[in-house]
Amino acid sequence: MKFVICLALIAFTQAVVIKHASNPHAAVFAQLENLEDNPLGKKILDTIAIQMRNQSPLSDIAKMLQDLRENLVLQQQDAELVHVAQEADCEAEIYGYNRRIEFASNEITEATMDINKHTSEIELLQQEIDNQIIQLNILNQQEEQLRDQRAEDHAAYQEREIQTPKVVEALDVIAAKLSAIQPEADAEVVLAELERVGGENPILALVQLASTFSAEKLQSVQAKIGELRASLEQALIDDREQEIQSQLNFEAQIYSIQEQREALQSAKAEAETKIVQVEHLLAAAKKRKYDAGRELESATNGKKMKEAQCDNWRSLYARDTEQRTTEISIIRQVEQILATKLEGASNYIKGRIN
């Protein structure tokens, strides 16, 4: 079966070759057959065949081809104008998107720098406030210690104010008693008297004991008691002066602490106010960066969409231009064939009609 088909194909091919070889219009036929491969070429040949069958004048066919060709030329010219306008639109819009992208990128960069700057400022201010709180606590502790020490010292001073006069008074009693005794008393009598007095009256016991002293020793004891009394009185005077000076020093220290505290509190309040201001600036910088980020995303997406649209326009323009160029070429070929090889073309078209 396959062999029979092959022989048939060979025979048909040889017949076509012999037919074309014997046909004086074979070249025209070949050209027109090539035009049949194009939809427009086939449509033109169909139209010409119909007009020839209707016995339309050749001038009508020529006019049809001319109108068709000129219409394609006009379409191409219009397409070129549209293409130029589209290219201008693409250039303008993409330029605008690039400007937006550049501006948004700069905004992000500047906002990021501001964010870093304000964040560092807040950290430094917070460290400053923390240090000021520590210093205020230290001052409070110092003041508390000073007040406790002052209260303790003042209480000791008040106790001395009570006890020292009593000691002076006791010395006065002793001195009076000593001045009334007779030195070199009988020791046995004195011991008997001491045993009677016992521990209930130490001053009287001391006087009784001193009565055993010689006149010279008794005088020396009286002199020592006088010196001790004078020393206690002077100590009392000095103690009062020292108390006054200690109170003055205490008040000066408290005043100095209060001045330091006020200065630290003022600096702390100023730093806290500054932090609030910088936090507002930080929030504004973050919002600026966020808005710029959204603008950058919008502009970038818009640019991508526009570039895709422009690429599509260019593809359509190139495709349509190529198609119109091909169709104009086909029409010119038909016009040329009709103008120079009318007999062959007529025979070919008659063959299509038949």
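The analysis underlying the following values was restricted to heavy atoms, covering all of them including side chains, and did not include hydrogens, waters or symmetry mates.
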Say whether, by atom type as modelled, one donor and one acceptor occur between the side chain of N131 and the main chain of Q127 under 3.5 angstrom. yes
Pair K274, E270 - check salt bridge (Lys or Arg N to Asp or Glu O under 4.0 Å), show working. CA-CA 6 Å; K274 183 67 174 175; E270 183 179 351; over 6 Å; no
Are the charged groups of E327 and R69 less than 4.0 angstrom apart, N to O? no
To the nearest 0.5 Å, what is the distance between CZ (R150) and CD (E143)? 14.5 Å
If the test is side-chain hydrogen bond (donor to acceptor under 3.5 Å, both in side chains), which one of E259, Q258, Q260 qualifies with S256? Q260
Ion pair R229/E233, N-O distance below 4.0 Å: yes
Taking the side chain as every heavy atom from C-beta outward, state whether Q75 and N71 have any atom pair closer than 4.5 Å. yes
Would you give the length of the straight line joining atom SG of C310 to atom CG of D89, rounded to the nearest 0.5 angstrom? 6.5 Å
Partner of I331 by side chain to side chain contact (heavy atoms under 4.5 Å, CB included), out of D67, V73, L68: L68
Output the distance between atom CG (D239) and atom CD1 (I244), rounded to the nearest 0.5 Å. 10.5 Å
For E169, is the CD atom crowded, meaning more than 12 foreign heavy atoms sit under 6.0 Å from it? no
Listed once per pair and sorted, the ring pair (Phe, Tyr, Trp, His ring centres under 6.0 Å) pairs that draw on residues 296-327, sequence neighbours left out: H83-Y317
Do E322 and R319 make a side-chain contact, defined as non-hydrogen atoms from C-beta onward lying under 4.5 Å apart? no
Under 3.5 Å side-chain donor-acceptor pair for Q66 and E70: yes
May I ask you to test the K303-E93 pair for a side-chain heavy-atom distance under 4.5 Å? no
For a quick check under 3.5 Å, do N249 and Q253 share a side-chain donor-acceptor pair by atom type? no
Tell me which donor-acceptor pairs under 3.5 Å the side chains of residues 284-296 have, and how far apart each pair is, sequence neighbours excluded?
unit_1 : atom_1 : unit_2 : atom_2 : d
K287   : NZ     : D291   : OD2    : 2.8
R288   : NE     : E107   : OE1    : 2.9
R288   : NH1    : D114   : OD2    : 3.3
R288   : NH2    : E107   : OE2    : 2.8
R288   : NH2    : E110   : OE1    : 2.6
K289   : NZ     : T112   : OG1    : 3.3
E295   : OE1    : R100   : NH2    : 3.2
E295   : OE2    : R100   : NE     : 2.5
E295   : OE2    : R100   : NH2    : 3.2

With side-chain hydrogen bond (donor to acceptor under 3.5 Å, both in side chains) as the criterion, how do Q247 and E251 come out once you've worked through the C-alpha distance, each side chain's angles and the decisive distance to 0.1 Å? CA-CA 6 Å; Q247 183 63 28; E251 291 175 357; 3.1 Å; yes
Nearest-0.5 Å distance that lies between atom CD in Q265 and atom CD in Q135: 12.0 Å
Is there any ring pair (Phe, Tyr, Trp, His ring centres under 6.0 Å) pair reaching into residues 87-137, and which pairs are they, with sequence neighbours excluded? none
Show the numbers, then the answer: is there a side-chain hydrogen bond (donor to acceptor under 3.5 Å, both in side chains) between Q309 and K306? CA-CA 5 Å; Q309 183 184 44; K306 190 62 182 178; 2.9 Å; yes
Walk me through whether D130 and Q126 qualify under side-chain hydrogen bond (donor to acceptor under 3.5 Å, both in side chains). CA-CA 6 Å; D130 293 340; Q126 189 59 55; 3.1 Å; yes
Separation between CG (L72) and OG (S329), nearest 0.5 Å, reads 11.5 Å
Hydrophobic cluster partners of L264 (side-chain heavy atoms under 4.5 Å): L136, L139, L146, F250, I254, I257
Would you kindly say whether D153 and Q149 are connected by a side-chain donor-acceptor distance under 3.5 Å? yes
Between E161 and E243, is a side chain to side chain contact (heavy atoms under 4.5 Å, CB included) present by the stated rule, with each step listed? CA-CA 11 Å; E161 278 286 300; E243 174 64 15; over 6 Å; no
Backbone N/O of R160 and side chain of T164: donor-acceptor pair under 3.5 Å: yes
Are Q242 and D238 side-chain neighbours, meaning at least one heavy-atom pair lies under 4.5 Å? no
Who pairs with S231 by side chain to side chain contact (heavy atoms under 4.5 Å, CB included), at least two apart in sequence or on another chain? none
Tell me who clusters with I129, hydrophobic residues only, linked when side chains sit under 4.5 Å apart either directly or through other members. I115, I122, L125, I133, I275, V278, L282
